[in-house]
Amino acid sequence: MSNYIVLVKQVPDVTQITDNAFDPESGTLIRTRLASVINELDAQALAFTNYMRKVGGDPQSKIIALTMGPPMAEEVLRYSLSRAADTVVLLTDKALGGADTVATANPLAFAIKKIVKDILNCGNDYYIVTGMQSVDGDTAQVPPQIAEELALPCIAYVTGTEFKNNRFGFTRIISGGSQTVAAKKLPAVITVAKYEYPLFATFARTRWANKTEFIQWTSDDIKAPITGVKGSKTSVIRVFPPGKSARKCQQVSDVKTLAKLIVDSYSSENANVGKADSSQTPRYVLPERRADRFDRSFEGTQKEQQDYEILVEKLKELGITDISRIDDADRQNILAAAGEHFHKKALDDMLNGLKLTEPSFRGEVWVVAEHSDGTIHPATFELIGKARELADSLQTKAGVAIAGYQIEPMAKELIAAGADNIYITEDKLLSVFDPTAYRKAIADCISTHWPQIVLYAATPQGRMLAPMVSYRLGCGLTADCTGLDIRDNSRNGYIGILLQTRPALGGNVMATIRTKNSKSQMATARPGVMKRLPTDNSRKGKVINHKIRLTDDDISLQILKTELGTGDVNFAADVIVSGGKGMQNRDNYERLVGAFCDSLSKKLDTQVERGASRAAVEQGFVEHVHQVGQTGTSIGPKLYFALGISGAIQHMIGVANTETIIAINSDPNAPIFKQCDYYIVGTVEDIVPNLVQELETE
Ligand SMILES: Cc1cc2nc3c(=O)[nH]c(=O)nc-3n(C[C@H](O)[C@H](O)[C@H](O)COP(=O)(O)OP(=O)(O)OC[C@H]3O[C@@H](n4cnc5c(N)ncnc54)[C@H](O)[C@@H]3O)c2cc1C
């Protein structure tokens with residue numbers, strides 16, 4: 001009999017964000033201005049668990065919901081009781097607040113241990129089920145880190161399950177398709193990416209939920225060693241509003257105008273790739289290589305940099321060249337001259353900062369390579385481009401850690417992409433990606449060489465592996481970065497550290513984060529954002545073989561079925577037309593996307609390829625090989641058409657390098673309208689045939 005522990009979280013309702021929800025100064029969310037709701041994916045995880053209990057055939061199985069949060073998080077437990085949970089546990093303590101993912105996963109894992117001991121009486125036949133990620137954190141790191149703490153298999157990005165031969169098989173999202181796997185042993189952690197069958201509460205069950213006692217524990221009850229701000233391995237340096245999209249986001253009211261815009265955009269030479277140009281930012285230089293030893297132009301925040309500019313100006317005015325000889329009178333003079341800008345403590349910290357020239361971390365800059373069937377994932381090459389840039393700034397080498405079987409031939413490609421050293425761990429047991437075995441191989445290699453920075457692609461595989469490796473090695477990890485820069489935080493004693501910038505709260509804010517209390521700084525980076533360098537086959541590099549002992553016990557999952565897209569698709573075409581779930585059915589997709597491709601091809605005299613969202617592929621409208629996005633193909637055509645596609649981040653990642661994006665959607669509030677160049681509101685059934693006609697007559 002399996003039991004279930006479901007992790008649920010109360011989050012701000014980011015779907016209802018108002019303009020006054022953020023503090024204009026700091027960019028931080030004023031939580032009281034937003035309603036609290038259950039994290040949508042956790043609600044789906046609860047419904048998924050209820051389904052597991054049903055198909056698992058044992059109505060006696062227990063569902064225990066666990067949440068960690070402030071006392072008001074009780075509400076999310078009442079929600080769980082009213083839908084499916086039998087018992088609920090609230091873990092609440094001020095000491096647990098302000099935690100990053102490591103300091104969240106650790107107490108949750110310890111609370112799970114206590115649930116197993118106190119409530120499940122030490123049985124091993126249970127699943128821990130949770131949403132893939134929460135909307136406030138958006139990291140997807142906590143579940144794999146819980147699995148790592150408890151030494152359990154973890155199956156992430158699950159979209160369905162089947163109970164056959166007395167065990168569960170789980171279908172999960174992987175790059176290029178989907179896969180069905182089973183845990184080799186229980187307990188196991190499952191993260192749910194999508195389960196669209198909501199649970200409703202009956203009135204009777206709601207009454208019961210409202211009067212049922214819940215179990216409440218504090219930090220002392222679970223005795224977790226890593227908690228709160230103190231236990232966290234990352235800290236937020238600043239929060240700021242996201243920049244305005246570089247896309248035009250222009251509504252078009254009629255198909256005639258749209259047809260004209262299509263032709264003009266295609267023939268225009270003016271590429272509008274919706275990305276910020278990072279070439280404007282000066283490349284970081286280590287203090288010891290700067291012409292002026294007082295030069296502090298690479299501080300983490302603008303304010304810190306401005307303070308240093310003022311300080312250095314005053315030092316120059318006062319003729320001070322030797323920091324170590326500054327006395328109290330000099331200090332008073334500087335403070336008087338600086339006026340309101342900084343006070344005594346800040347001045348002391350800044351003067352101490354000026355003495356620092358040694359970087360805070362030493363070692364190479366690494367990328368963990370992702371590959372399957374002998375092909376390296378494109379995101380790995382993009383990360384090598386970034387690693388090269390960071391390594392050059394830090395005057396060190398760029399390395400790649402790669403684990404697998406018969407992978408040595410890939411080293412040449414990785415070196416040609418910009419890497420210096422390739423660290424290879426080969427073993428037959430690494431033939432296909434298994435989270436536990438790969439974690440062991442990569443963590444062992446990292447802890448042998450200790451690079452100062454480790455980058456992973458923010459793909460389903462990278463976002464699974466990185467949290468496990470970083471947790472195992474006691475290092476901080478930042479998820480899904482869109483910006484990676486080397487900067488100083490001199491006044492706090494840090495030189496040459498990695499600043500990791502990422503969207504949070506569903507993309508409503510940006511946060512810049514640094515690693516603390518770690519031997520290595522780790523981040524996953526969003527595919528399609530960093531730039532791949534041109535291939536240089538003349539580059540020379542070194543291959544270093546890393547040995548590790550693996551046994552069958554290191555394999556945590558049994559792969560039951562893998563479905564990958566096959567067939568010929570020319571995603572290098574100048575024009576791509578994608579259909580989404582809004583196409584409604586396969587016939588519509590065939591008819592409308594087909595007719596539109598034909599007329600565009602004739603009008604623009606170019607090849608036009610068909611694409612699709614993942615949802616359209618899952619609905620069977622078109623084969624997997626046509627999928628565009630994070631787990632499909634990343635494309636960069638001149639013109640991209642999104643028909644009946646909502647604009648989910650995983651889809652838009654794949655079209656970031658497109659020159660012009662045009663969307664047709666019946667929902668006037670479709671998120672894609674804020675991420676495209678031109679859009680028209682209407683159904684594909686109405687708009688597309690008219691547009692085809694217009695293109696033919698125009
Ligand atoms: C780990 C992971 C990886 C993923 N990878 C990818 C990926 O690579 N690519 C990808 O696409 N997704 C990916 N997804 C899924 C992604 O999150 C979204 O679920 C998916 O992109 C939604 O597809 P959609 O926009 O077609 O469907 P929906 O989000 O359901 O949107 C359908 C849209 O159609 C509109 N619509 C409905 N009827 C009509 C009509 N008659 N005419 C016009 N418009 C209409 C609706 O208003 C809506 O905006 C991934 C998810 C996860 C968790």
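Note that ligands are numbered from 1 as they come in the structure, with each ligand's atoms numbered from 1 the same way.
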Chemist: Taking the minimum heavy-atom distance to atom 15 (C) of ligand 1, which of Q630, R614, H651 ranks first?
Modeler: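 Nearest heavy atom to atom 15 (C) of ligand 1 lies in R614.
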
Chemist: Which atoms of ligand 1 are found less than 4.0 Å from any heavy atom of G629?
Modeler: 7 (C), 8 (O), 9 (N)

Chemist: Which residue owns the protein heavy atom closest to atom 1 (C) of ligand 1, what's the atom, and how far is it?
Modeler: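 Answer, as residue, atom name and distance: Y157 CD2, 3.4 Å.
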
Chemist: Strictly by modelled atom types, are D136 and S134 linked by a side-chain donor-acceptor pair under 3.5 Å?
Modeler: yes

Chemist: To which protein heavy atom is atom 29 (O) of ligand 1 closest, and what is the distance rounded to 0.1 Å?
Modeler: S646 OG, 2.6 Å

Chemist: Determine whether F170 and Y127 satisfy the following criterion, ring pair (Phe, Tyr, Trp, His ring centres under 6.0 Å), listing intermediate values before the conclusion.
Modeler: CA-CA 12 Å; F170 298 94; Y127 285 93; 5.7 Å; yes

Chemist: Salt bridge or not between R247 and D677? Use side-chain N to carboxylate O under 4.0 Å.
Modeler: yes

Chemist: Taking atom 19 (O) of ligand 1 as the reference point, report whether a protein heavy atom occurs under 4.0 Å from it.
Modeler: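 No, there is none.
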
Chemist: Starting from atom 38 (N) of ligand 1, what is the nearest protein heavy atom, named by residue and atom, and what distance separates them?
Modeler: Q584 NE2, 2.9 Å

Chemist: What protein heavy atom sits nearest atom 22 (C) of ligand 1, and how far off is it?
Modeler: A615 CB, 3.8 Å

Chemist: Ion pair present between R526 and D480, side-chain N to carboxylate O less than 4.0 angstrom?
Modeler: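 Yes.
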
Chemist: H651 side chain to G629 main-chain N or O, any donor-acceptor pair under 3.5 Å?
Modeler: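 Checked: no pair found.
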
Chemist: Classify the contact between I173 and ligand 1 as side chain, backbone, both or neither, using a heavy-atom distance cut-off of under 4.0 Å.
Modeler: side chain

Chemist: Kindly say whether A35 contributes a backbone atom to a donor-acceptor pair with the side chain of D13 at under 3.5 angstrom?
Modeler: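 Side chain of D13 to backbone of A35, a donor-acceptor pair under 3.5 Å: no, none is there.
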
Chemist: Checking side chain to side chain donor-acceptor pair (under 3.5 Å) for the pair Q44/E40: CA distance, chi angles, key distance, verdict?
Modeler: CA-CA 6 Å; Q44 293 184 20; E40 172 55 30; 2.9 Å; yes

Chemist: Can you tell me if K184 uses its side chain to pair, donor with acceptor, with the backbone of I555 under 3.5 Å?
Modeler: yes

Chemist: Please work out, at 4.0 Å between heavy atoms, whether the side chain, the backbone, both, or neither of V628 comes within that distance of ligand 1.
Modeler: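 Contact part for V628 vs ligand 1: backbone (N, CA, C, O).
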
Chemist: Are K260 and D264 close enough for a salt bridge, meaning some N to O gap below 4.0 Å?
Modeler: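 Answer for the salt bridge query: yes.
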
Chemist: Regarding R83 and the six-membered ring of Y79, is the cationic atom NZ or CZ under 6.0 Å from the ring centre and inside 45° of its axis?
Modeler: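 Yes.
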
Chemist: Taking non-hydrogen atoms only, is A648 closer than 4.0 angstrom to ligand 1 via side chain, backbone, both or neither?
Modeler: side chain

Chemist: Starting from atom 42 (N) of ligand 1, which protein heavy atom do you reach first, and at what distance in Å?
Modeler: V684 N, 2.9 Å

Chemist: Would you verify whether the NZ or CZ of R586 falls within 45 degrees of the ring axis of F621 while also being under 6.0 Å from that six-membered ring's centre?
Modeler: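 Not satisfied by the 6.0 Å and 45° rule.
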
Chemist: For atom 30 (O) of ligand 1, what's the nearest protein heavy-atom neighbour? Residue, atom name and distance, please.
Modeler: K581 CD, 3.5 Å

Chemist: Which residue from G647, G682, S666 reaches closest to atom 39 (C) of ligand 1 through any of its heavy atoms?
Modeler: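 Looking at heavy atoms only, the winner is S666.
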
Chemist: Is a salt bridge present between K581 and E618, judged by a nitrogen-to-oxygen distance below 4.0 Å?
Modeler: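 Looking at E618 together with K581, the answer is no, because their closest N to O distance does not fall below 4.0 Å.
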
Chemist: State the atoms of ligand 1, each with its element, that fall below the 4.0 Å cut-off from a heavy-atom position in G580.
Modeler: 26 (O)

Chemist: In ligand 1, which numbered atoms sit nearer than 4.0 Å to a non-hydrogen atom of M132?
Modeler: 53 (C)

Chemist: Short N/O distance, under 3.5 Å, between A612 and ligand 1?
Modeler: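 No; the residue has no nitrogen or oxygen that sits under 3.5 Å from a nitrogen or oxygen of the ligand.
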
Chemist: I want to confirm something. Looking only at heavy atoms, which of I687, N665, D667 is nearest to atom 46 (C) of ligand 1?
Modeler: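 The option holding the nearest heavy atom is N665.
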
Chemist: Counting non-hydrogen protein atoms only, what is the nearest one to atom 37 (C) of ligand 1? Give residue, atom name and distance.
Modeler: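 Its nearest protein heavy-atom neighbour is G582 CA, 3.5 Å.
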
Chemist: Between G644 and ligand 1, is there a nitrogen or oxygen pair with a distance under 3.5 Å?
Modeler: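 Between G644 and ligand 1, an N or O pair is found under 3.5 Å apart.
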
Chemist: Check each of Y195, Y4, Y197 against F48 using the ring-ring contact (aromatic ring centres under 6.0 Å, His included) test, and report the only one that passes.
Modeler: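 That would be Y195; it is the only one of Y195, Y4, Y197 passing the ring-ring contact (aromatic ring centres under 6.0 Å, His included) with F48.
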
Chemist: Among all protein heavy atoms, pick out the one at the shortest distance from atom 5 (N) of ligand 1; state its residue, atom name and that distance to 0.1 Å.
Modeler: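 In this structure, atom 5 (N) of ligand 1 has T631 OG1, 2.6 Å as its nearest protein heavy atom.
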
Chemist: Under 4.0 Å from a heavy atom of G632: which atoms of ligand 1 are those, numbered in the order shown and with their elements?
Modeler: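 Here the atoms of ligand 1 in question are 8 (O).
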
Chemist: Using a 4.0 Å heavy-atom cut-off, say whether K194 meets ligand 1 through its side chain, its backbone, both or neither.
Modeler: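 For K194, no heavy atom sits under 4.0 Å from ligand 1.
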
Chemist: Of Q461, E685, M583, Q650, which has the heavy atom at the shortest distance from atom 50 (C) of ligand 1?
Modeler: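 That would be Q650.
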
Chemist: Could you check whether Q693 and T697, counting side-chain N and O atoms only, form a donor-acceptor pair closer than 3.5 Å?
Modeler: no

Chemist: Would you say S613 has any N or O atom under 3.5 Å from an N or O of ligand 1, going by distance alone?
Modeler: yes

Chemist: Just to be sure I read this right, does ligand 1 sit under 4.0 Å from the backbone of Q627, its side chain, both, or neither, counting only heavy atoms?
Modeler: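 Under 4.0 Å from ligand 1, Q627 contributes side-chain atoms alone.
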
Chemist: Quick check against the 3.5 Å criterion: does T257 have a side-chain atom that pairs as donor or acceptor with the backbone of S253?
Modeler: no

